[in-house]
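Every number for a ligand or one of its atoms is a count from 1 in the order of the listing. The structure displayed is predicted, hence computed values, not measured ones.
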Amino acid sequence: MSDLEKMKKNGGPLSVGYTFCDGCNEAPFCGMKFYQSVDGIIRIEPWPHFPAAPLCSKAFATVQRLKNPGRLLYPLKRTRPKDAGDPGFTRISWDEAYDIITAHLQQIKKNYSPHHVFFYVGDPKEPRAAVQRLAVTYGSANYGCESSTACRRAAQLAELLTYGFPTLGNLPTDETGVMLIWGTNPAHSGQPFMCHGHLADAKDRGVKFIVVDPRKTPTVTTLADIHLQVRPGTTAALAAGIMYVIFKEELYDRSFCENWIHGLQQLMAYVKQFPPERVENITWVPARKIVKAARLYAGNGPGGLLTSAQGTTHDLNATNNHRSLLMIPAICGYIDIPGGIIKPTEPLEGMAGPWADGPPDFSLRKQLLAMNTYRLDRKAFPLWAEKMFEVQTNHIVEWIHQGKIKAFLGWGVNMMIWPQTHEYQEAIASLDFSMAVDYFYRPQTHRFVDMVLPAAMNFERLAPFAVHGRRIFGRTPIQPAGEAREDWQIALEIGTRLGYPETFFNGDVEVACNNILKLWGITYDDLREHQEEGILVPAKGQPIYHKYKTGDMRPDGKPGFNTPSGKIEAVSTDLERYGYPGLPEFKEPMQTNAEYPLVLISGARVPFITHSKWREDAPWLLELQREALLSIHPKNAAENNIHSGDMVRLKTPFGEMTVKATSTIMVVAGVVSIMHGWADANVNELIPRQFDPVSGFPPYKEVVCSVAKI
Ligand SMILES: Nc1nc2c(c(=O)[nH]1)N[C@H]1C(S)=C(S)[C@@H](COP(=O)(O)OP(=O)(O)OC[C@H]3O[C@@H](n4cnc5c(=O)[nH]c(N)nc54)[C@H](O)[C@@H]3O)O[C@H]1N2
Ligand SMILES: Nc1nc2c(c(=O)[nH]1)N[C@H]1C(S)=C(S)[C@@H](COP(=O)(O)OP(=O)(O)OC[C@H]3O[C@@H](n4cnc5c(=O)[nH]c(N)nc54)[C@H](O)[C@@H]3O)O[C@H]1N2
Ligand code: SF4
Ligand SMILES: [Mo]
């Protein structure tokens, strides 16, 4: 008897359904199977056959979130002025909401230009393809997202400049001898089975691990043979020190380097300035450990890499820090070999990068490119604007004050993402019109907008479907609560009302999904027919390696890497073209001093919180941590007479706040760490509006600070 039959027999659930978890904003997501009775969804479990299976605490909490009585259920319109304190939001109909939005969009287009409307999607990535289509069709080049503000894109830019293809590294394979894990803690931030479980299996197989992190994370304690407990923001110096040893001891892959690295001699000359003893002074990592790590990595190939979307790019040297660590596997010749860093041979045709961004034809990438000259970030971050589809949003304050933006349309917006948050809140509040689509009313964001629209949750939506490798899965939504609508539906309906019913499929999300699925000759009905196992779009052949030799790395089919020189670029010709230094140079991070003796890492993930989400959304999770906690090393705690549970004043040169401290050896002495996203302890008010000159990223993990008991 199946589980379902057993439950039915006991008067249990009546139907099963399938959806994806959106708990950590990952896309692709983890699959969940749910059981529904007359009381709604009463049970979830991992979706059998789904590639990302065991679910974490957040996935189970999505059931409590679904039933949360505090959910947004109707469109809301502001009735009081922005400075009134209480916005006086009142319920309106969807018709009225759309009338207001389209009237503003049409007027701004007429009086200014379509580029004066800024379209934005936060970290919840599912709305992206539809919103990008909306922005481009309306005619705005100014579409940005959380990834182009503070997350994946700076690392991606570094990868494109250096390797010519995007990669955060790979999970180890049977061939891998050693892994370099740099600035990521997948034990807390990654999908449980997809990531940390695979690493633990590799450890059992005998793969060696080097983990670089200022904190003693569970990734360190479960995996590391060598832990390099680095001073935050000094990646380029540590990487140079490791390369110093690899070159000096001739452990590098000479033939690969000579044939495939552009600027090899300059790199060798540059890293000569970084003997391990000097690097120890800069990075706090003992010289002997640097030597040991270099020998372990270069001597036990093939070596893999796993690095972060953000651990090494939240500082003022973001691009070069990330570029420098990418050069370590490169000089060892670990690129595109079995067990090393691999560019997929046949990614699903039609996909450009992460699935959430949608296929180029659907997201209208060509049209977006054609409008490139109207992008607001071109002046401040020209190389970024050339390489990245999304606008770097951190200068939005200036653009609003200069009258270059008149309206802001956002899905999944959290204004606390920005450093000196209040400046963004005030700027967005001053616009002619702004709106945000969300699950909950978030005062820290919604107090500053004109309209808040209710989004259907993961169980309640059909779009988007999921793509894992070459396998595609659909879902079976339940009726949304109240008048909540799918993110895609909202974007498609706005587009339809703007006068483009065909482009927006008359607001029908299934027709929109079918428009994409036809790329692979299937429909949503086919996905329903193959509900549990999904549909595999077969590859034409076996994976191939050394694609830089075969011409499979470049769109023009010529041998080499997809960079201007055709080689991995130690010296980036693109950076030089824009007047930046070509080498991944080290830049001293902010200096501690008597007033600010500690370094602040903000945003190290905890397993049961995602950014600004998951506090009151699901009280089950709130039980695990009720308030913001500042981790401080016992030595620093003792120096300041601080005990776990004490309230302390955390101060940087840019702001201060009160927070509870916890004394732990998880952080290295000299560093304190706190999660971002707490509305009543928003650490980003303590971060300055200073930016890496290439990527425009803020220094979330670099700022100096002091901590005093109150
Ligand atoms: N100090 C510091 N700041 C950081 C970071 C750090 O490490 N340190 N990390 C940065 C990084 S990497 C990231 S990715 C960003 C986080 O990016 P944010 O965009 O801040 O992410 P969230 O807070 O998860 O989500 C934003 C809002 O989306 C809503 N939401 C959730 N799901 C959906 C959905 O499906 N549809 C809609 N319409 N709304 C939804 C949530 O309720 C929430 O209000 O923060 C960045 N900021
Ligand atoms: N539970 C949960 N999961 C999440 C998220 C979440 O908010 N909660 N967010 C999702 C998102 S949007 C993202 S981008 C990913 C992020 O995923 P990860 O990048 O793995 O995030 P963290 O777990 O914070 O790991 C980053 C590590 O970098 C370290 N670090 C800080 N500064 C430096 C430095 O200068 N050098 C080095 N080497 N390390 C440094 C920190 O101590 C931290 O342990 O997680 C995703 N998954
Ligand atoms: S790792 Fe957890 S929160 Fe993230 S998608 Fe999977 S189950 Fe959901
Ligand atoms: Mo992120």
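- Not one N or O of F608 is nearer than 3.5 Å to an N or O of ligand 2, by distance alone.
- Residue-to-ligand polar distances place I609 within reach of ligand 2: an N/O pair is separated by less than 3.5 Å.
- For atom 26 (C) of ligand 2, the closest non-hydrogen atom on the protein side is G183 O, 3.3 Å.
- The protein atom (non-hydrogen) at minimum distance from atom 19 (O) of ligand 1 is D123 N, 2.8 Å.
- Heavy atoms of G190 come nearer than 4.0 angstrom to ligand 2 in no pair at all.
- Looking from atom 46 (C) of ligand 1 to the surrounding protein, the closest heavy atom is I417 CG1, 3.6 Å.
- Ranking the protein heavy atoms by distance from atom 1 (N) of ligand 2 puts V606 O, 2.9 Å first.
- Among all protein heavy atoms, the one lying closest to atom 25 (O) of ligand 2 is N185 N, 3.3 Å.
- Qualifying salt bridge (Lys or Arg N to Asp or Glu O under 4.0 Å) partners for D225, counting only residues two or more places apart in sequence or in other chains: K203.
- Residues satisfying the side-chain contact (heavy atoms from CB on, under 4.5 Å) criterion with D680, sequence neighbours excluded, are W678.
- Ring pair Y424/W418 is parallel by interplanar angle, where below 30° counts as parallel and above 60° as perpendicular.
- Ligand 2 has no N or O atom lying under 3.5 Å from any N or O atom of T234, backbone or side chain.
- Taking any N or O of K125, backbone or side chain, none lies under 3.5 Å from an N or O belonging to ligand 2.
- Residues W47 and F29 keep their aromatic ring centres 6.0 Å or farther apart.
- Distances between N or O atoms of T184 and those of ligand 2 include at least one value under 3.5 Å.
- For M675, the heavy-atom gap to ligand 2 drops under 4.0 angstrom.
- C21 lies close to atom 8 (Fe) of ligand 3, since one of its N, O or S atoms is found at a distance under 2.8 Å.
- Among protein heavy atoms, atom 38 (N) of ligand 2 sits closest to V212 O, 3.1 Å.
- What sits closest to atom 4 (C) of ligand 2 on the protein, heavy atoms only, is S189 O, 3.5 Å.
- Of the protein's non-hydrogen atoms, the one nearest atom 13 (C) of ligand 2 is R605 NH2, 3.6 Å.
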